[in-house]
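Comments concern the structure below.
Atoms considered below: every heavy atom in the structure, side chains included; atoms not considered: hydrogens, waters and symmetry mates. Values in this document were obtained by computation on a predicted structure and should not be read as measured data.
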Amino acid sequence: MARWLTSSLQRKLSVVVTASMIVPLLALGLFAFLISSRITEQKTKLSGMDTLKQVEANLRYMLQDAENLSIFLIGERDIQQYLSHNEDHELDRVDILGRMTNLAASKKYIANIAIYPGRFDATLSTATWYVSNESNLSYPSVPSGEAVKQWTGVYPVQNYAGIQNVITLVRPIRSIHDYRPIGWLAISLDEKAISKGWAALGLGRGQGRLELIGSSGEILSSMDKSRLGLKLEGVEPGISTLIQDGGSGTTTYGSGDDKRTLLYYPEELTGWTLVGTVPYDQYKSENRYILILTGCAVAMSAAISAALVWFTVRRVTRPLRVLTRHLSRIDPERPLPLFRSESDDEIGRLGESYNLLGAHIQLLKEEIIRGEARKKEADLRVLQAQINPHFLYNTLSSIHWIALMSEEKRIADMVEGLSDFLRISLNNGQDYCPVEQEIAHIRHYVRVQSIRFPDQFVLHYIVDPALEKRMMLKLLLQPLVENAMIHGIQPKAGVGTITIMIRKDPDNEQMNVLVLDDGVGMEPDRLEQLRISIREWKGKQPEKQLNQGGYGLCNVNERLLLHYGADAQLEVDSRVGGGTRISFSIPILEGSP
């Protein structure tokens with residue numbers, strides 16, 4: 001092995017240079033993996049904190065609404081008069097109870113509004129809670145001692161629908177005349193309404209858990225209803241010490257398979273805390289994918305680097321091999337063969353010295369070699385123009401079959417879609433294509449994009465069958481669909497819709513083309529700026545405009561004007577939150593121009 005390596009300068013250089021390139025590549029791959037792993041965890045923490053802030057805003061709205069409602073009811077004149085009496089007045093009670101019921105019914109998260117008079121025994125309640133023999137059910141009670149506002153913990157009640165968990169705001173009702181306590185007001189919030197939608201927020205990609213912790217450490221609301229009413233320290237020992245009072249943040253606790261990320265955010269009105277936990281198994285699965293991806297990238301880079309090193313070293317050492325071969329074949333009876341030097345280094349100067357020996361045939365041989373080189377170069381360009389597309393298609397086809405054999409269906413679908421997309425894009429150098437081929441081109445483009453951005457958009461095609469065989473300028477629709485997808489649909493929350501409509505104008509021989517999306521739309525100023533840019537664009541566009549997606553629209557408009565005239569220019573309409581509409585009209589052609 002050592003003799004084989006040392007017997008060739010090309011092999012020695014190839015091994016040394018390849019090793020010097022692969023080692024940094026491995027270090028770079030390891031560094032990229034570590035950084036990506038940290039970014040994945042940080043991204044999950046940032047996303048989780050945003051989720052907690054959103055939940056806290058919704059919770060604060062409910063709590064503040066309950067506070068405001070309690071203040072309104074305490075100061076309500078009829079309630080003050082009713083509670084100031086020494087005995088129950090049925091008509092007043094029925095009237096007050098009706099208004100309380102309307103208030104409770106208008107807010108889905110309010111389970112009950114109750115008033116407890118202080119001077120007589122008559123409870124006004126908007127909900128019917130049944131007394132049960134089950135020991136695990138409890139009911140709100142009027143607090144004793146100092147008359148202060150307070151929130152209770154979560155407790156179960158029973159009504160006609162079954163068991164319901166509630167959290168109650170209890171506050172004293174004082175006379176507006178002498179400030180003496182005349183009763184109590186209790187507003188109960190439905191725990192199920194508080195936690196509604198938590199699972200849909202997808203904390204930790206759906207693997208996390210979100211809970212509301214009271215000031216005493218009790219679990220007031222949770223995605224896991226079996227934990228309601230329990231002490232957080234009892235079910236998660238040591239977690240309470242990690243939560244800073246009145247602050248927000250993230251930390252990590254546990255070890256092994258029980259290791260988790262803890263996120264907490266305070267609710268300012270009550271002193272409660274929102275606590276989210278994300279298992280570390282999520283990071284493991286994502287990091288495993290990153291590791292595989294990084295390994296493939298490093299392996300591919302190493303293979304490409306080795307190929308480039310071998311090609312470069314072979315190119316560098318080839319003059320030496322040629323010169324060695326010439327020197328070994330010197331024939332005194334014949335002219336010395338010419339050595340062509342392609343560099344000014346030591347090898348080049350050595351070749352020039354060698355060429356001085358054959359100066360008497362230099363001019364003739366240079367002329368012959370130059371002519372042959374031009375001919376071969378021309379032939380090579382023609383051959384390369386024919387081979388390159390086929391080489392590209394064959395390469396993509398090979399990747400497609402390798403992916404299928406490896407059961408990588410998504411990679412196979414993407415490569416197949418990309419191959420068909422490029423094949424239609426080249427179109428054998430033709431500028432025009434049938435409408436059905438342009439639609440097929442869009443389908444392959446969407447096929448690739450749907451793998452990159454799954455479940456983000458839906459494309460609808462409305463094409464007049466009579467126009468499918470008619471010719472049109474190729475590659476007009478793809479920039480418009482890409483613009484709608486990137487600048488209209490992707491910034492929008494949820495699944496967007498893009499519609500391509502191609503119809504015949506009944507009044508003349510025109511083909512009307514429309515690309516419509518229901519994305520975020522554009523501000524009026526931005527829309528007017530885009531229209532001006534399309535009208536005035538002459539092949540050059542400011543950097544700011546290029547970054548905002550106007551380049552593709554301007555380029556499509558210019559091609560329409562060059563091939564079809566001024567009547568075919570783009571028309572763009574858009575409004576904020578209402579999507580964007582791009583249309584143009586072109587003549588209906590029977591065959592390729």
Atom [atom1] of [X] with >12 non-hydrogen neighbours under 6.0 angstrom:
X: D455; atom1: CG; result: no
X: E571; atom1: CD; result: no
X: D121; atom1: CG; result: no

Stepwise, does the side-chain hydrogen bond (donor to acceptor under 3.5 Å, both in side chains) test hold for R260 with T277?
-> CA-CA 6 Å; R260 283 174 283 179; T277 56; 4.6 Å; no

Identify the two heavy atoms, one from [X] and one from [Y], that lie closest to each other, and give their separation to 0.1 Å.
X: T580; Y: G521; value: OG1-CA, 3.9 Å
X: T126; Y: A104; value: OG1-CB, 3.9 Å
X: S574; Y: G579; value: OG-O, 3.0 Å
X: W272; Y: S215; value: CD1-N, 3.6 Å

Could you tell me whether D78 and R99 have a side-chain N and a carboxylate O separated by less than 4.0 Å?
-> yes

Can a salt bridge be assigned to the pair D190 and K196 using a cut-off of 4.0 Å between side-chain N and carboxylate O?
-> no

Can a cation-pi geometry be assigned to R443 and Y461, taking NZ or CZ under 6.0 Å from the six-membered ring centre and within 45° of the ring axis?
->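 Satisfied, under 6.0 Å and within 45°.
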
Going through the distances and angles, do T51 and Q54 end up as a side-chain hydrogen bond (donor to acceptor under 3.5 Å, both in side chains)?
-> CA-CA 5 Å; T51 301; Q54 180 180 349; 5.6 Å; no

Checking L514, L477, N483 against I582 for side chain to side chain contact (heavy atoms under 4.5 Å, CB included), the one that qualifies is N483

Check I498, L480, V481 against I442 for a side chain to side chain contact (heavy atoms under 4.5 Å, CB included) and give me the one that passes.
->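 Only match with I442 under side chain to side chain contact (heavy atoms under 4.5 Å, CB included): V481.
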
Can N112 and S125 be said to form a side-chain hydrogen bond (donor to acceptor under 3.5 Å, both in side chains), step by step?
-> CA-CA 7 Å; N112 182 35; S125 176; 3.0 Å; yes

For a 4.5 angstrom cut-off between non-hydrogen side-chain atoms, does [X] reach [Y]?
X: W198; Y: L212; value: yes
X: I462; Y: I502; value: no
X: I110; Y: M62; value: no
X: W184; Y: V170; value: yes

Do [X] and [Y] have side-chain atoms, one donor and one acceptor, less than 3.5 Å apart?
X: S195; Y: K225; answer: yes
X: D95; Y: Y82; answer: no
X: E76; Y: Q80; answer: no

Carefully, step by step, assess V572 and M522 under the rule side chain to side chain contact (heavy atoms under 4.5 Å, CB included).
-> CA-CA 11 Å; V572 183; M522 289 182 281; 4.1 Å; yes

Let me see the working for S222 and D224 under side-chain hydrogen bond (donor to acceptor under 3.5 Å, both in side chains), right down to the final yes or no.
-> CA-CA 5 Å; S222 175; D224 183 0; 5.8 Å; no

Show the numbers, then the answer: is there a side chain to side chain contact (heavy atoms under 4.5 Å, CB included) between Y265 and V55?
-> CA-CA 10 Å; Y265 193 84; V55 172; over 6 Å; no

